[in-house]
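See below for the structure under consideration.
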Amino acid sequence: MLERIYRQLFDHYGPQHWWPAETPFEVMVGAVLTQNTAWTHVERAIDNLRQADLLNPAAITALDQSDLADYLRPVGYFNIKAKRLQALTRFLIDHPQLNSLETDELRQQLLSVHGIGPETADDILLYAYQRPVFVVDAYTRRLFGRLGLMDREASYENLRHAFEAGLKQDAQMFNEYHALIVMHAKTVCRAKPVCDNCCLRRRCAYFCEALKA
DNA sequence: AACCAGGAGACAT
DNA sequence: ATGTCTCATGGT
């Protein structure tokens with residue numbers, strides 16, 4: 001079932017080449033900045049940091065928090081995210097050799113960092129460390145909830161385990177799967193009030209008929 | 001002009 | 001354990 005939907009999305013949209021970033025560190029920065037935020041805004045904030053030559057842990061750690069926040073304005077929540085970004089960079093500086101940890105241990109370590117919750121941790125595990133973890137986001141809940149395959153109200157961990165149990169533990173495939181779900185959500189049902197395929201916006205009632213069969 | 005975006009922490013119940 | 005508030009800019 002989960003396999004079938006993956007293939008259907010992949011056949012329709014093709015490979016997504018995620019995560020859109022140059023380095024693992026840039027993946028982590030993007031993962032924090034994109035929390036409840038559109039990616040186009042994140043790109044501008046990361047651009048700001050790159051122009052100022054700040055796209056490394058040492059530089060961000062050394063910055064004054066309110067100065068960092070100014071570079072982050074486009075993403076919203078800039079004060080909170082400045083604090084979270086510095087918590088991340090300090091953690092990375094204090095913990096070299098994270099890649100040598102087992103996935104479960106690494107996940108626990110990431111979750112202990114201020115501002116890194118379950119989804120952000122899994123973004124980092126999957127897209128920065130290529131670990132086979134399934135990322136559950138709001139779109140995933142809506143899509144599979146509307147398909148009647150998952151309980152929208154289930155906890156993050158339960159949903160994640162449900163996906164991981166139903167699929168081959170393949171980091172590359174998990175990578176594409178999450179990216180395809182996001183692409184699917186971004187693509188469909190924009191202009192027309194009624195669409196033939198589906199919509200994943202909060203208040204849109206249209207189902208994903210094409211994925212149901 | 002609302003509505004929403006690739007969430008997480010603090011706090012109360 | 002579970003529910004509600006808050007954080008905030010910029011698109012459509």
Side-chain angles (χ1 to χ4, degrees), chain A residues 6 9 13 15-21 26-49 65-66 68-91 107-128 133-146 150-161 163 174-195 198-206:
Chain A
Y6 171 69
L9 289 170
Y13 295 107
Q16 300 299 304
H17 323 295
W18 266 32
W19 184 286
E26 201 177 314
V27 171
M28 302 185 209
V29 172
V32 170
L33 295 186
T34 199
Q35 289 167 359
N36 202 42
T37 299
W39 182 255
T40 53
H41 301 174
V42 176
E43 285 183 313
R44 275 187 294 186
I46 289 183
D47 249 18
N48 289 344
L49 295 173
Q65 199 170 98
S66 61
L68 176 56
D70 282 334
Y71 293 99
L72 303 183
R73 283 194 155 271
V75 302
Y77 309 133
F78 46 81
N79 287 314
I80 284 184
K81 286 176 178 176
K83 180 177 299 185
R84 292 181 181 175
L85 218 50
Q86 288 190 315
L88 169 65
T89 57
R90 212 168 298 118
F91 171 75
R107 189 166 198 275
Q108 288 319 117
Q109 293 283 317
L110 289 170
L111 287 173
S112 74
V113 179
H114 175 86
I116 298 185
E119 185 182 338
T120 305
D122 290 342
D123 280 337
I124 293 172
L125 286 167
L126 180 58
Y127 293 105
V133 299
F134 195 95
V135 178
V136 177
D137 67 347
Y139 293 141
T140 309
R141 287 177 184 276
R142 284 176 216 159
L143 174 56
F144 288 89
R146 288 174 188 183
M150 301 272 171
D151 175 13
R152 239 196 292 284
E153 310 303 312
S155 71
Y156 183 96
E157 286 302 283
N158 287 142
L159 279 171
R160 175 172 148 256
H161 287 129
F163 280 98
F174 286 164
N175 175 324
E176 291 294 343
Y177 210 151
H178 175 63
L180 285 164
I181 290 169
V182 175
M183 169 55 82
H184 188 55
K186 284 172 145 172
T187 304
V188 298
C189 197
R190 282 298 182 228
K192 294 191 295 183
V194 176
C195 54
C198 70
C199 179
L200 291 181
R201 288 184 307 176
R202 288 182 185 168
R203 311 179 47 121
C204 186
Y206 298 109

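Residue numbers begin at 1 in each chain, while the letters A, B, ... track the order of the sequences.
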Query raised in the report: When all nucleic acid strands are considered with a 4.0 Å heavy-atom cut-off, which category describes D123(A): base, sugar-phosphate, or nothing?
Result: nothing
Report task. Whole angstrom is fine here: how far is it from NZ in K83(A) over to P in dG9(B)? Result -> 12 Å
**Report entry** Rounded C1' spacing from dA2(B) to dT9(C) in Å
**Finding:** 16 Å
Report task. From the options dT9(C), dG7(B), dA5(B), select the nucleotide whose nearest atom is closest to the side chain of Y139(A). Result -> dA5(B)
**Report entry** Nearest-Å distance for atom pair NZ/P, residues K81(A) and dT6(C)
**Finding:** 18 Å
Query - Contact summary for P74(A) and H41(A), nearest pair of heavy atoms - result: O-CB, 3.3 Å
Query raised in the report: If each of V75(A) and A121(A) is mapped to the nucleotide of DNA chain B with the nearest heavy atom, which maps nearer the 5' terminus, i.e. the 5' end?
Result: V75(A)
Query raised in the report: How many Å lie between NE2 on H114(A) and P on dG9(B), as a whole number?
Result: 7 Å
Query raised in the report: So what does R44(A) hit on the nucleic acid, given a heavy-atom distance under 4.0 Å: a base, only sugar-phosphate, or nothing?
Result: sugar-phosphate
Requested in this report: Please work out if G76(A) contacts a base, only the sugar-phosphate, or nothing of the nucleic acid, heavy-atom cut-off 4.0 Å.
Outcome: base
Report summary line: From OH of Y156(A) across to C1' of dG9(B) the rounded distance in Å is 17 Å
Query raised in the report: Which atom pair, heavy atoms only, marks the closest approach of L33(A) to A45(A)?
Result: CD1-CB, 4.1 Å
Query raised in the report: For W39(A) and dG6(B), are the ring centres under 5.5 Å apart with planes inclined under 30°?
Result: yes
Query raised in the report: At under 4.0 Å, does any side-chain N or O of T120(A) touch on OP1 or OP2 of dA8(B)?
Result: yes
Query raised in the report: Atom CZ of R142(A) and atom C1' of dG7(B): how far apart are they, to the nearest Å?
Result: 12 Å
Query raised in the report: Given dT9(C), dG6(B), dA8(B), which nucleotide is nearest the side-chain atoms of K186(A)?
Result: dG6(B)
Report task. Determine the minimum heavy-atom distance between I124(A) and A31(A), stating which atoms define it. Result -> CG1-CB, 4.2 Å
**Report entry** Atom-pair distance (OH on Y77(A); P on dT9(C)), nearest Å
**Finding:** 11 Å
Query raised in the report: Could you give the CG-to-P distance, from L72(A) to dC7(C), as a whole number of Å?
Result: 17 Å
Report summary line: Taken to the nearest 0.5 Å, the spacing of R73(A) CZ from N48(A) CG works out to 11.5 Å
Report task. Among dC7(C), dG6(B), dG11(C), find the nucleotide with the atom closest to the side chain of H41(A). Result -> dG11(C)
Query raised in the report: What is the distance from CG of L85(A) to C1' of dG7(B), rounded to the nearest Å?
Result: 15 Å
**Report entry** Gap between atom CG of D123(A) and atom CG of L110(A) - 0.5 Å precision
**Finding:** 11.0 Å
Report task. Write down the partner of dG11(C) under the Watson-Crick or G-U wobble criteria, each distance required to be under 3.5 Å. Result -> none
Report task. Give none if dC3(B) has no partner; otherwise give the nucleotide forming a Watson-Crick or G-U wobble pair with it, both distances under 3.5 Å. Result -> none
Query raised in the report: Given dA5(B), dG6(B), dA8(B), which nucleotide is nearest the side-chain atoms of N36(A)?
Result: dA5(B)
Query raised in the report: Measuring from N79(A):CG to Q65(A):CD, what's the distance to the nearest 0.5 Å?
Result: 7.5 Å
Query raised in the report: Which whole number of Å gives the distance between the P atom of dC11(B) and that of dA8(C)?
Result: 16 Å
